[in-house]
**Q** 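Take this structure first; my questions come after.
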Amino acid sequence: MFQHGSTRRTAARRAGLVAALGLSLALTAACSGKDGGSGSSSSSKGGGGSWKVGDCGGPDPKQTPDGYRAMGCDESGATFKALEVTSAGILPGSIQCPAGTDLMIRVSVSYGSSKDGSKGGGIPTHTVCGRNLSGDHPGDAGAGGGQLVKGDCVSSSAQEVACATAGHDAFKVLDLVKEKEQCPAGTTEPMELTLSIGRPYDVICAAPA
């Protein structure tokens, strides 16, 4: 689940996973003699320093717990496939992945390590919207994870919850809009969120689940 803000009357939703994936340029590896990635190892053979839709990746054991690396979809360590590859996005909440996205991975490029061997944050280049290769899809509408999308459920405090286990106070998301006047028919609970620069919506149009 990914953070989208809070209602003006309640606390913020739980922040979700935005894992950091570092890709070291081949030139860097050749010059330094070791990985220059930030927060994860350099890309695998399949990555080639860039990502495209359909590429796969998985956890990087050298950079736990949030490091990922590119790998072939048939490799045993592959856990997700890229649904979309978009710009990095600097502002929080500015990246909106397609429905069904289970995790978002920020890809960055760094040009070496510090003298003490630690690795810096790198330069964000793009974001990979990934879908699990397994049958576990928390990003599906109503499943309770991923970014908030139409068809999800939220509590009265605008916190995303799984529709299957939602309580009596849960609401179904009918739409996500900028102004409450834009909510569709059937909306009974337009939840106005606190300001978040870059987020494409400010109101959750909801109705009892």
Side-chain angles (χ1 to χ4, degrees), residues 1-21 57-59 64-68 78-86 88-106 127-209:
M1 174 167 48
F2 303 94
Q3 186 176 8
H4 74 275
S6 62
T7 61
R8 291 173 182 167
R9 55 186 178 169
T10 58
R13 296 174 62 234
R14 291 175 292 175
L17 171 66
V18 180
L21 186 157
T64 58
D66 296 331
Y68 286 82
T79 59
F80 69 90
K81 178 177 287 189
L83 293 181
E84 183 172 293
V85 181
T86 185
I90 298 176
L91 299 174
S94 62
I95 299 299
Q96 291 294 304
C97 285
T101 296
D102 296 316
L103 75 165
M104 293 172 64
I105 300 171
R106 184 182 62 193
T127 298
V128 176
C129 303
R131 182 169 176 81
N132 292 336
L133 293 176
S134 68
D136 180 26
H137 298 296
D140 283 350
Q147 288 184 303
L148 195 66
V149 297
K150 288 189 289 186
D152 276 336
C153 290
V154 295
S155 67
S156 58
S157 60
Q159 189 174 56
E160 185 179 358
V161 295
C163 292
T165 57
H168 66 278
D169 64 338
F171 295 87
K172 176 82 77 171
V173 177
L174 303 183
D175 207 349
L176 302 167
V177 299
K178 295 295 290 185
E179 303 287 342
K180 64 180 182 180
E181 291 76 15
Q182 298 172 316
C183 283
T187 299
T188 60
E189 187 73 13
M191 299 180 178
E192 296 182 82
L193 307 175
T194 53
L195 178 65
S196 177
I197 298 175
R199 187 183 58 212
Y201 60 90
D202 294 320
V203 179
I204 299 174
C205 305

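Just so it is clear, the values below take in all heavy atoms, side chains as well, and ignore hydrogens, waters and symmetry mates.
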**Q** Under a 4.5 Å cut-off applied to non-hydrogen side-chain atoms, are K81 and L133 in contact?
**A** yes
**Q** Let me confirm one number: the OG-CE distance from S155 to M191, rounded to the nearest 0.5 Å.
**A** 7.0 Å
**Q** Would you say F171 and S156 make side-chain contact, with heavy atoms under 4.5 Å?
**A** yes
**Q** In Å and rounded to the nearest 0.5 Å, what is the NZ to CG distance from K150 to L174?
**A** 9.5 Å
**Q** Measure the CZ-OG1 distance between R199 and T194 for me, rounded to the nearest 0.5 Å.
**A** 6.0 Å
**Q** Enter the distance from Q182:CD to D202:CG here, rounded to the nearest 0.5 Å.
**A** 9.5 Å
**Q** Would you say I95 and M104 make side-chain contact, with heavy atoms under 4.5 Å?
**A** yes
**Q** Closer than 3.5 angstrom, by distance alone: can the side chain of T187 be matched with the main-chain N or O of C205 as a donor-acceptor pair?
**A** no
**Q** Working to the nearest 0.5 Å, report the span between CG of D140 and SG of C163.
**A** 11.5 Å
**Q** Taking all non-hydrogen atoms of both residues, which atom of P190 and which atom of K180 are closest, and how far apart?
**A** CB-CB, 4.0 Å
**Q** Please walk me through it: do L193 and Y201 pass side chain to side chain contact (heavy atoms under 4.5 Å, CB included)?
**A** CA-CA 9 Å; L193 307 175; Y201 60 90; 3.7 Å; yes
**Q** What pair of heavy atoms forms the shortest contact from A207 to T188, and how long is it?
**A** CA-OG1, 3.5 Å
**Q** Any salt bridge linking R131 with D136? Criterion: basic side-chain nitrogen under 4.0 Å from a carboxylate oxygen.
**A** no
**Q** To the closest 0.5 Å, what do you measure between CG (D102) and SG (C97)?
**A** 10.5 Å
**Q** Can you list the steps and then say if N132 with T79 is a side chain to side chain contact (heavy atoms under 4.5 Å, CB included)?
**A** CA-CA 6 Å; N132 292 336; T79 59; 5.6 Å; no
**Q** Counting only heavy atoms not in K178, do more than 12 fall under 6.0 Å of its NZ?
**A** yes
**Q** So, do L103 and Y68 sit near enough that their side-chain heavy atoms are less than 4.5 Å apart?
**A** yes
**Q** Checking E189 side chain against K172 main chain: does a donor-acceptor pair fall under 3.5 Å?
**A** no
**Q** Show, in sequence, the C-alpha distance, side-chain angles and deciding distance for C183 and V203, and conclude whether the side chain to side chain contact (heavy atoms under 4.5 Å, CB included) test is met.
**A** CA-CA 8 Å; C183 283; V203 179; 4.0 Å; yes
**Q** Can you tell me if D175 uses its side chain to pair, donor with acceptor, with the backbone of P184 under 3.5 Å?
**A** no
**Q** Any side-chain heavy atom of V173 within less than 4.5 Å of one from V154?
**A** yes
**Q** T101 and C129: which non-hydrogen atoms are nearest, and at how many Å?
**A** OG1-CB, 3.7 Å
**Q** Is I105 close to T127 at the side-chain level, that is, under 4.5 Å between some pair of heavy atoms?
**A** no
